[in-house]
Participant: 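Here it is, the structure, as structure tokens.
Computed over heavy atoms, backbone and side chain alike; hydrogens, waters and symmetry mates excluded. Atoms within each ligand, like the ligands themselves, are counted from 1 in listed order.
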Amino acid sequence: MEELLNAIIQLIEKEKEGEKKLSIPPKGVRALIEAVRLAEIIKPSQYAKREAFKKHQIDEYYLNRMLTMLFYDIMKKQGLIDRAIEDIVGVNPLILDPWLRAALRVVIDVSLFHPSKPSTLKALKWKGSDFISSKTHPYVGMYYWDIFDKVISYKPRPKSRDEFLEWKYTAPIWFIKRIKRLLGEETEQFFQAVNSKHNWTSIRVNTLKATVEEVVETLRSEGKEVKVNERVPTIVKIKGPYDFDRSKLFREGTILVQEEASAVASLILDPKPGMTVVDLAAAPGGKTSHIAELMKNKGKIYAFDIDEFRIKRMREILKRMGINIVKIIKKNGRKAPKILGKEIADRVLLDAPCTSSGTIGKNPELRWRLREVKIQEMAELQKDLLKAAAQLLKPGGRLLYATCSLFPEENEENIEWFLEIHDNFRLIPLNDPYDESPLLKGTMRAYPHRHNTIGFFYALLEKVE
Ligand SMILES: C[S@@+](CC[C@H](N)C(=O)[O-])C[C@H]1O[C@@H](n2cnc3c(N)ncnc32)[C@H](O)[C@@H]1O
């Protein structure tokens with residue numbers, strides 16, 4: 001165990017190398033604790049961060065950048081941090097007061113993983129204690145104060161090789177084992193890619209409103225470093241954080257946030273103006289809006305989803321983007337053939353609800369929230385939606401099945417199952433712009449470490465006439 005302990009300490013020291021000493025002012029302490037607290041309630045975590053930073057007026061660029069870095073670091077390491085808290089306080093941190101838990105998560109991250117100035121630790125101890133007292137009860141603040149010195153001198157104590165691997169790759173062991181089965185020798189590169197700090201924000205240009213050149217010019221005039229994506233020419237990457245709330249381009253629907261691998265899905269579907277398209281799991285509308293754009297806003301799109309909040313966002317996005325061919329239907333996608341009738345669609349997109357395991361680089365807390373049992377649950381729902389999609393398609397029509405999951409049960413295995421019971425469908429082979437899946441010929445996967453985007457799966461199916 002001594003050996004594993006030293007290996008972990010070396011990993012941590014290596015991560016700290018070259019990092020400037022953190023200097024966090026009192027309002028930064030409060031904002032960070034509140035963001036971590038809210039991240040338990042508000043998903044995705046970036047919304048929690050935005051709300052807390054706004055409340056505590058984190059307007060200064062460098063402070064915002066530093067606190068953002070810390071916030072995502074805490075999200076990414078949450079499982080490890082919670083184990084540390086359990087070692088220190090002797091109980092599962094999930095039963096602690098949520099404000100105390102949030103404050104301890106912040107202190108562990110700052111003291112264990114980052115070099116910091118003495119003033120930062122002092123602010124964490126004093127202001128942290130005051131802040132959680134004000135949010136809960138003075139006794140909670142006193143308890144935090146009492147254990148603070150023990151917390152900042154904590155050293156990890158791995159109890160097994162599996163635990164060591166969790167520290168090494170910053171992920172739960174079941175997830176690591178699955179990635180090893182999937183990627184073998186590429187496991188190391190995969191975790192390097194999803195754990196590295198992402199400096200570029202990916203957006204898609206709405207060509208109904210402007211050309212890519214016009215958007216690039218505007219962004220450059222705002223002082224931004226930008227590059228146009230090589231695989232999808234309407235995807236543009238912006239260096240560093242981008243303040244969407246203050247962006248005219250965003251407010252007017254000229255750009256929206258989208259990853260390259262997501263945009264590839266709509267391109268593969270290849271919808272044409274005048275077609276009838278069904279998007280079976282549409283909100284918040286990233287792909288629906290792209291499909292409408294490719295259809296030049298002519299034809300009809302039926303967009304199903306069941307999530308009220310996401311549908312509200314979809315309505316706002318479509319309105320901003322000037323799209324008016326989408327009929328939003330707040331119903332279960334399984335019921336779509338009953339609602340719309342059979343064989344009515346030229347194209348069906350099933351961007352299926354999934355574990356989202358391919359997005360752990362972008363949604364760092366997800367790896368600790370995900371449960372392995374969820375995979376099978378998702379696969380069952382995906383199969384039901386695939387059956388509905390098959391009924392909706394006209395003969396000669398095309399269905400794109402896509403997920404942002406890495407797990408074969410949600411991907412290749414579903415398509416194998418589908419083809420076994422639907423002999424009137426054939427796979428249209430895909431191998432561009434990403435790689436053919438080694439698990440099922442004709443299907444395609446995007447990988448974070450190979451393609452510098454989120455993990456994605458695609459299967460294009462045609463209904464034989
Ligand atoms: C991967 S997300 C879709 C993302 C969307 N296509 C986009 O590009 O913005 C999956 C969506 O499926 C929705 N969903 C889950 N179960 C559903 C069901 N039974 N019927 C329809 N939608 C469902 C979720 O609310 C979620 O919005």
Participant: Strictly distance-based, threshold 3.5 Å: is any side-chain N or O of R313 a donor or acceptor partner for the main-chain N or O of E308?
Facilitator: no

Participant: Could you tell me, atom by atom, which parts of ligand 1 come under 4.0 Å of a heavy atom of L280?
Facilitator: 21 (C), 22 (N)

Participant: Step by step, would you call E222 with R246 a salt bridge (charged side-chain N to carboxylate O under 4.0 Å, His left out)?
Facilitator: CA-CA 11 Å; E222 289 172 6; R246 288 194 198 153; over 6 Å; no

Participant: Please could you name the atoms of ligand 1 that P353 approaches to less than 4.0 Å, counting only its heavy atoms?
Facilitator: 10 (C), 12 (O), 14 (N), 15 (C), 16 (N)

Participant: Do Y447 and E186 have a side chain donor and acceptor closer than 3.5 Å?
Facilitator: no

Participant: Taking only non-hydrogen atoms of L381, do any sit less than 4.0 angstrom from ligand 1?
Facilitator: yes

Participant: What I want to check is whether the side chains of Y434 and E260 have a donor and an acceptor closer together than 3.5 Å.
Facilitator: yes

Participant: Given the side-chain rings of Y302 and F304, with only the six-membered ring counted for Trp, is the space between their centroids under 6.0 Å?
Facilitator: no

Participant: I want to know if ligand 1 touches L385 in the polar sense, i.e. an N/O pair below 3.5 angstrom.
Facilitator: no

Participant: Once the angle between the rings of W167 and F113 is folded into 0 to 90°, is it parallel (under 30°), tilted (30 to 60°) or perpendicular (over 60°)?
Facilitator: tilted

Participant: Checking a contact table here: which protein heavy atom is nearest atom 12 (O) of ligand 1, and how many Å away?
Facilitator: A281 CB, 3.3 Å

Participant: I need the atoms of ligand 1 closer than 4.0 Å to a non-hydrogen atom of A283, numbered in the order shown.
Facilitator: 3 (C), 4 (C), 5 (C), 9 (O), 27 (O)

Participant: Using a plain distance cutoff, I'd like to know if N332 has any nitrogen or oxygen under 3.5 Å from a nitrogen or oxygen of ligand 1.
Facilitator: yes

Participant: Counting heavy atoms only, which of D305, D307, L256 comes nearest to atom 24 (C) of ligand 1?
Facilitator: D305

Participant: Which residue is it: E15, K77, R367, K76? I am looking for the one with a side-chain hydrogen bond (donor to acceptor under 3.5 Å, both in side chains) to N195.
Facilitator: R367

Participant: Is the ring pair Y458/F456 parallel, tilted or perpendicular, if the boundaries are 30 and 60 degrees?
Facilitator: tilted

Participant: Is the shortest N/O to N/O distance between F304 and ligand 1 below 3.5 Å?
Facilitator: no

Participant: Just need the protein heavy atom nearest to atom 23 (C) of ligand 1, so name the residue and atom and give the distance.
Facilitator: I306 CG1, 3.7 Å

Participant: Just heavy atoms, cut-off under 4.0 Å: does R310 contact ligand 1 by side chain, backbone, both, or neither?
Facilitator: side chain

Participant: Can you tell me if E410 and T403 form a side-chain donor-acceptor pair at under 3.5 Å?
Facilitator: no

Participant: Which protein non-hydrogen atom lies closest to atom 8 (O) of ligand 1, naming both residue and atom, and how far is it?
Facilitator: K287 NZ, 3.0 Å

Participant: Test of understanding: given a 4.0 Å heavy-atom threshold, classify the contact between A352 and ligand 1 as side chain, backbone, both, or neither.
Facilitator: backbone

Participant: For P284, is the nearest heavy atom under 4.0 Å from an atom of ligand 1?
Facilitator: yes

Participant: Return yes when T288 approaches ligand 1 closer than 4.0 angstrom through a heavy atom, no otherwise.
Facilitator: no

Participant: Report, as yes or no, whether the 6.0 Å neighbourhood of atom CD on E217 holds more than 12 heavy atoms from other residues, nucleotides or ligands.
Facilitator: no

Participant: Checking the N or O distance criterion of under 3.5 Å, is ligand 1 in contact with D351?
Facilitator: yes

Participant: Where is the nearest protein heavy atom to atom 9 (O) of ligand 1: which residue, which atom, and how far?
Facilitator: G286 N, 2.9 Å

Participant: Report the part of C354 in contact with ligand 1, treating N, CA, C, O as backbone and CB onward as side chain, heavy atoms under 4.0 Å; options are side chain, backbone, both, neither.
Facilitator: neither

Participant: Is it true that N64 and D59 share a donor-acceptor pair across their side chains at a distance under 3.5 Å?
Facilitator: no

Participant: Can you find a side-chain donor-acceptor pair between N414 and Y401 that sits under 3.5 Å?
Facilitator: yes

Participant: Considering heavy atoms of the protein only, find what lies nearest to atom 20 (N) of ligand 1 and give residue, atom and distance to 0.1 Å.
Facilitator: G333 N, 2.8 Å

